[in-house]
Amino acid sequence: MSDFKKPKIHYYQNWPDLAELGSGCLIIADQRFEDHLWIQDDPFCYFVKSGEELKDLRGFAEHIERILALVDQIPQRPLKIVGMGGGSVGDFAGFVASVLKRGVGLIHVPSTWLSAVDSAHGGKTALNVGGIKNQIGTFYPAQEIFLIRPLLQGQPQERLHDVLGEVLKICLIHGGDLWKKISKLPELEEKHLWKFLPDLIEAKYQIVKKDPQEKTGTRHILNLGHTIGHVIEAEAKLTHGRAIFLGLQFALAWSRHLKIMTEKTAQEIGKTQMGHYLLDPAELKKELRSLENIRELLSQDKKRVESGLRFVFLKAPGHCVVKTVTIDEIVAEVKRQAAK
Ligand SMILES: NC(=O)c1ccc[n+]([C@@H]2O[C@H](COP(=O)([O-])OP(=O)(O)OC[C@H]3O[C@@H](n4cnc5c(N)ncnc54)[C@H](O)[C@@H]3O)[C@@H](O)[C@H]2O)c1
């Protein structure tokens with residue numbers, strides 16, 4: 001068993017006092033919160049434009065110089081970086097915390113559903129290199145995570161649509177009651193997400209704590225839906241969350257085709273409302289037909305091993321199967337699903 005220390009997770013129905021963050025903090029926040037009442041009087045805020053460009057290695061030296069100039073004015077020690085924003089801000093702030101002065105404290109304040117459910121948990125930080133996502137990074141879990149209901153509920157409706165893929169992914173991996181309850185929902189609403197947040201997060205930690213640094217392979221199942229999801233994200237320029245939803249559809253259809261998933265299981269999944277969406281191939285088919293650089297993108301995938309790629313299949317909710325497949329096999333399956 002690893003010595004993984006789960007962060008303290010705080011759930012706030014209302015805005016907490018800023019002092020709850022403690023002392024010695026530099027807040028790295030999405031610039032959309034520049035005039036936000038919660039932080040507007042804090043002198044130690046560094047605002048960034050969210051998105052993949054923020055994670056680009058080429059801009060990092062400039063950011064870190066400005067961040068160092070700010071933290072050197074903070075009188076209190078130990079230092080803490082507070083990342084307030086979606087997944088891009090969290091990945092960036094986490095990376096900064098892991099290298100700044102050889103590592104300082106880290107608190108995440110996720111502001112998108114995707115970051116609240118997924119990216120703030122599990123300790124992965126990342127920067128992009130040469131336009132390719134997450135090529136460098138560290139494992140650096142936060143000590144604390146603040147989940148603030150009014151911050152999350154301020155998001156536009158499409159962000160709910162965005163998180164659906166990651167929510168269904170963790171429910172399918174976990175299976176049991178969590179899948180049963182979520183799969184029955186006619187659609188995912190804010191009130192459901194807030195209610196199920198602790199269970200969704202706990203389901204991720206149950207896997208992460210067994211393999212915090214992805215050394216034994218257990219954690220690999222969290223990549224369900226991500227192989228083709230990342231290709232679609234890069235090619236179709238869809239949001240991460242939407243691309244993962246399509247990647248999940250691809251993984252389920254392939255599992256079914258290879259009979260890793262039985263027809264009976266597929267039909268049971270299809271009877272639920274969420275399962276019905278997952279098995280409907282219309283949008284996926286359209287995206288698969290327009291993929292052009294699939295071989296190149298797959299060869300850059302971090303899940304690559306000498307003989308191919310470790311692909312996560314689903315036998316049934318709660319039961320993933322990891323198999324090494326060749327890039328040729330993936331390309332052939334993309335063609336099969338695009339033509340169906
Ligand atoms: N580290 C991990 O384990 C992990 C896991 C999954 C995804 N990721 C990364 O997360 C990123 C995607 O996450 P994301 O979609 O949250 O990214 P994001 O930070 O780019 O946010 C998406 C958009 O939402 C806006 N936004 C943020 N909070 C808002 C709020 N409260 N109200 C209204 N708008 C708000 C942002 O300004 C931005 O325009 C990708 O870079 C992906 O690689 C990391």
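Just follow the structure's listing: the first ligand is 1, and inside any ligand the first atom is 1.
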ask   = With His63, which of Phe95, Phe92, Phe47 fulfils ring pair (Phe, Tyr, Trp, His ring centres under 6.0 Å)?
value =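 Going through the options one by one, the only one that passes is Phe92.
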
inquiry  = Tell me if a side-chain donor or acceptor on Arg219 pairs with a main-chain N or O of Gly122 at a distance below 3.5 Å.
reply    =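 Answer holds: yes.
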
request  = Look at the side chain of Ser50 and the backbone N and O of Val89, then say whether any donor-acceptor pair between them is shorter than 3.5 Å.
outcome  =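 Checking the backbone N and O of Val89 against the side chain of Ser50, no donor-acceptor pair under 3.5 Å is found.
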
Could you pull out every N or O of ligand 1 that sits under 3.5 Å from a protein N or O, with the distance for each pair?
unit_1	atom_1	unit_2	atom_2	d
ligand 1	1 (N)	Asp91	OD1	2.8
ligand 1	1 (N)	Lys124	O	3.0
ligand 1	13 (O)	Gly87	N	3.4
ligand 1	16 (O)	Gly87	N	2.8
ligand 1	16 (O)	Thr112	OG1	2.6
ligand 1	17 (O)	Gly87	N	3.4
ligand 1	19 (O)	Gly87	N	3.4
ligand 1	19 (O)	Ser88	N	3.2
ligand 1	19 (O)	Ser88	OG	2.7
ligand 1	20 (O)	Ser88	OG	3.2
ligand 1	24 (O)	Arg159	NE	3.3
ligand 1	24 (O)	Arg159	NH2	3.4
ligand 1	26 (N)	Arg32	NE	3.4
ligand 1	28 (N)	Ser111	O	3.4
ligand 1	28 (N)	Ser111	OG	2.6
ligand 1	31 (N)	Ser111	O	3.0
ligand 1	31 (N)	Leu151	O	3.4
ligand 1	34 (N)	Arg32	NE	3.4
ligand 1	34 (N)	Arg32	NH1	3.4
ligand 1	37 (O)	Asp30	OD2	2.7
ligand 1	37 (O)	Arg32	NE	2.8
ligand 1	37 (O)	Arg32	NH2	3.3
ligand 1	37 (O)	Ser50	OG	3.0
ligand 1	41 (O)	Glu52	OE2	2.6
ligand 1	41 (O)	Lys55	NZ	2.9
ligand 1	43 (O)	Lys55	NZ	3.0
ligand 1	43 (O)	Lys133	NZ	2.8

query = Apart from Leu37 itself, which Ile, Leu, Val, Met, Phe, Trp or Tyr residues share its cluster (side-chain heavy atoms under 4.5 Å, direct or through members)?
reply =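 ILVMFWY cluster around Leu37 holds nothing else.
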
Kindly list each side-chain donor-acceptor pair under 3.5 angstrom involving residues 76-84, sequence neighbours excluded, with atom names and distances?
unit_1	atom_1	unit_2	atom_2	d
Arg77	NH1	Ile74	O	2.8
Lys80	NZ	Leu21	O	2.8

Show which side-chain atoms of residues 165-174 pair as donor or acceptor with protein atoms under 3.5 Å away, not counting sequence neighbours.
unit_1	atom_1	unit_2	atom_2	d
Glu166	OE1	Lys169	NZ	3.1
Glu166	OE2	His226	NE2	3.2
Glu166	OE2	His240	NE2	3.1
Lys169	NZ	Leu222	O	2.9

